[in-house]
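Predicted model only: the values in this text are computed from it and were never measured. Just follow the structure's listing: the first ligand is 1, and inside any ligand the first atom is 1.
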Amino acid sequence: MSQKIAFITGANRGIGFQTALDLKDSGAKIVIGSRDLKQGEQAVAKLRAAGVDADVLQFDITKAADHKAAYDYFNSHYGHLDILVNNAGIAAGVFPGTGPEHSAAQVPQDLLHKVFETNFFAQVALTETLLPLLKKSPAGRIVNLSSILASLTLHTDPKSPIYNSKSFAYDASKTALNAFTVHLAWELRNTNIKVNSAHPGWVKTDMGGEQAPMELSDGAKTSAALATLPENGPTGGYFHLGQPLPW
Ligand SMILES: NC(=O)c1ccc[n+]([C@@H]2O[C@H](COP(=O)([O-])OP(=O)(O)OC[C@H]3O[C@@H](n4cnc5c(N)ncnc54)[C@H](OP(=O)(O)O)[C@@H]3O)[C@@H](O)[C@H]2O)c1
């Protein structure tokens with residue numbers, strides 16, 4: 001059987017890097033995407049020192065040419081792709097906060113477009129580009145890094161823990177990403193590919209901040225589990241640590 005191959009975007013640091021570490025025993029070669037090649041090479045050195053079979057691909061998800069380059073890389077080196085973790089993402093300002101960057105009434109249009117470009121449009125475009133390679137896998141897995149902040153059910157429930165934690169551009173971009181999960185999973189329902197959304201938890205990273213309750217070492221558990229789901233595992237779902245979240 002050919003070698004299992006995984007691609008994790010935005011994996012030079014944070015949850016993406018931890019996901020690469022957590023996939024050490026998955027039997028997969030882990031290719032980490034990094035905008036900055038030097039940072040990516042440093043991350044790969046750490047991963048290899050930890051026993052992970054890792055390589056780096058310079059990759060900016062907002063650049064269409066990088067999507068094509070990623071397709072060519074996986075196609076020419078391996079001819080297929082087994083796991084795609086759509087992890088790269090940006091926040092809309094410092095979170096939690098109350099400035100206009102978080103406000104549905106005042107969000108600057110350029111910020112709204114920038115956040116959607118990275119967290120939604122580029123994720124869809126990359127996945128579409130790599131789908132022919134995922135279809136060649138006997139067990140393709142796509143993990144979209146969502147957030148509990150994507151949940152409209154929880155945002156509209158005054159008793160939910162996120163009711164007062166609103167960051168419009170970020171939250172809406174992740175809600176849109178969840179829609180992609182649902183629609184793509186439906187389209188691929190008769191294939192070997194499973195597509196799910198992950199809420200990693202509120203994790204101590206550059207994005208999550210120091211006040212986050214979850215340590216980075218636990219922050220990739222949901223991504224890693226969804227990336228290695230067994231054949232009878234779910235598709236088209238939205239999960240945190242094995243538990244479904246309301247859409
Ligand atoms: N931390 C949390 O509490 C939390 C909670 C819910 C969901 N999430 C989601 O989990 C994912 C990872 O978050 P994190 O906390 O690890 O964030 P992070 O520490 O800020 O790391 C983000 C990663 O994404 C990369 N990235 C950003 N823009 C990119 C682009 N245009 N092209 C390629 N890579 C890009 C960054 O690369 P550079 O180093 O080049 O900037 C970095 O590697 C995100 O999708 C986030 O929304 C996080």
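- With a heavy-atom cut-off of 4.0 Å, Lys174 touches ligand 1 through its side chain alone.
- Between Lys68 and Asp72 a salt bridge is recorded (basic side-chain N to carboxylate O distance below 4.0 Å).
- The protein atom (non-hydrogen) at minimum distance from atom 47 (O) of ligand 1 is Tyr170 OH, 2.6 Å.
- When Ala43, Gly201, Ser147 are checked for heavy-atom proximity to atom 4 (C) of ligand 1, Gly201 turns out nearest.
- Ligand 1 has no nitrogen or oxygen under 3.5 angstrom from a nitrogen or oxygen of Trp202.
- Under 4.0 Å from ligand 1, not a single heavy atom of Phe17 appears.
- When only interatomic distances are considered, the shortest N/O to N/O separation between Arg13 and ligand 1 falls below 3.5 Å.
- Residue-level proximity to ligand 1 for Pro200 is carried by the side chain, the only part with a heavy atom below 4.0 angstrom.
- The main-chain N or O of Ala212 is found under 3.5 Å from a side-chain atom of Lys204 such that the two form a donor-acceptor pair.
- Heavy-atom distances between Ala198 and ligand 1 stay at or above 4.0 Å for every pair.
- Taking 4.0 Å as the cut-off, Gln39 counts as a neighbour of ligand 1 on heavy-atom distance.
- Ser160 places a side-chain N or O within 3.5 Å of a backbone atom of Leu154 that can act as its donor or acceptor partner.
- The closest approach between Thr9 and ligand 1 stays at or above 4.0 Å for every heavy atom of the residue.
- Counted within 6.0 Å of CD on Gln211, heavy atoms from surrounding residues, nucleotides or ligands total more than 12; the atom is thus considered enclosed.
- Selection from Met214, Arg35, Gln58 by nearest heavy atom to atom 27 (C) of ligand 1 gives Arg35.
- Note: no N/O pair closer than 3.5 Å links Asp36 and ligand 1 by distance alone.
- At a heavy-atom cutoff of 4.0 Å, ligand 1 is contacted by both the backbone and the side chain of Asn87.
- The pair Lys221-Asp22 fails the salt-bridge criterion, with no side-chain N (NZ, NE, NH1 or NH2) lying under 4.0 Å from an Asp/Glu carboxylate O.
- Between His199 and ligand 1, no N or O atom pair is found at a separation short of 3.5 Å.
- With hydrogens left out, the protein atom closest to atom 37 (O) of ligand 1 is Asn12 OD1, 3.6 Å, a heavy atom.
- Protein heavy atom nearest atom 3 (O) of ligand 1, with residue, atom name and distance: Val203 N, 2.7 Å.
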Give the intermediate values and the outcome of side chain to side chain donor-acceptor pair (under 3.5 Å) for residues Ser146 and Ser197. CA-CA 6 Å; Ser146 179; Ser197 279; 4.6 Å; no
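- Side-chain atoms of Asn196 come within 3.5 Å of backbone N or O of Gly237 as a donor-acceptor pair.
- In this structure, Asp82 contributes its side chain and Leu134 its backbone to no donor-acceptor pair below 3.5 Å.
- The single protein non-hydrogen atom nearest to atom 34 (N) of ligand 1 is Ala88 CB, 3.4 Å, given as residue, atom name and distance.
- Polar contact with ligand 1: absent for Gly14 (N/O pair, distance under 3.5 Å).
- Taking 4.0 Å as the cut-off, Ser146 counts as a neighbour of ligand 1 on heavy-atom distance.
- By the 6.0 Å contact criterion, NZ on Lys29 is enclosed, its count of non-hydrogen atoms from other residues, nucleotides or ligands being greater than 12.
- Residue contacts with ligand 1: Ile15 is placed with a nitrogen or oxygen under 3.5 Å of a nitrogen or oxygen of the ligand (distance criterion only).
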Check the pair His67 / Phe59 against ring-ring contact (aromatic ring centres under 6.0 Å, His included), numbers first and verdict last. CA-CA 8 Å; His67 297 195; Phe59 182 79; 5.7 Å; yes
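- Polar contact check, Gly10 against ligand 1: a nitrogen or oxygen pair lies under 3.5 Å apart.
- When only non-hydrogen protein atoms are considered, atom 17 (O) of ligand 1 lies nearest to Met207 CB, 3.5 Å.
- In this structure, Thr9 contributes its side chain and Ala88 its backbone to a donor-acceptor pair below 3.5 Å.
- Side-chain heavy atoms closer than 4.5 Å link hydrophobic residues (I, L, V, M, F, W, Y) into clusters, and following such links, possibly through other members, connects Ile5 to Val195.
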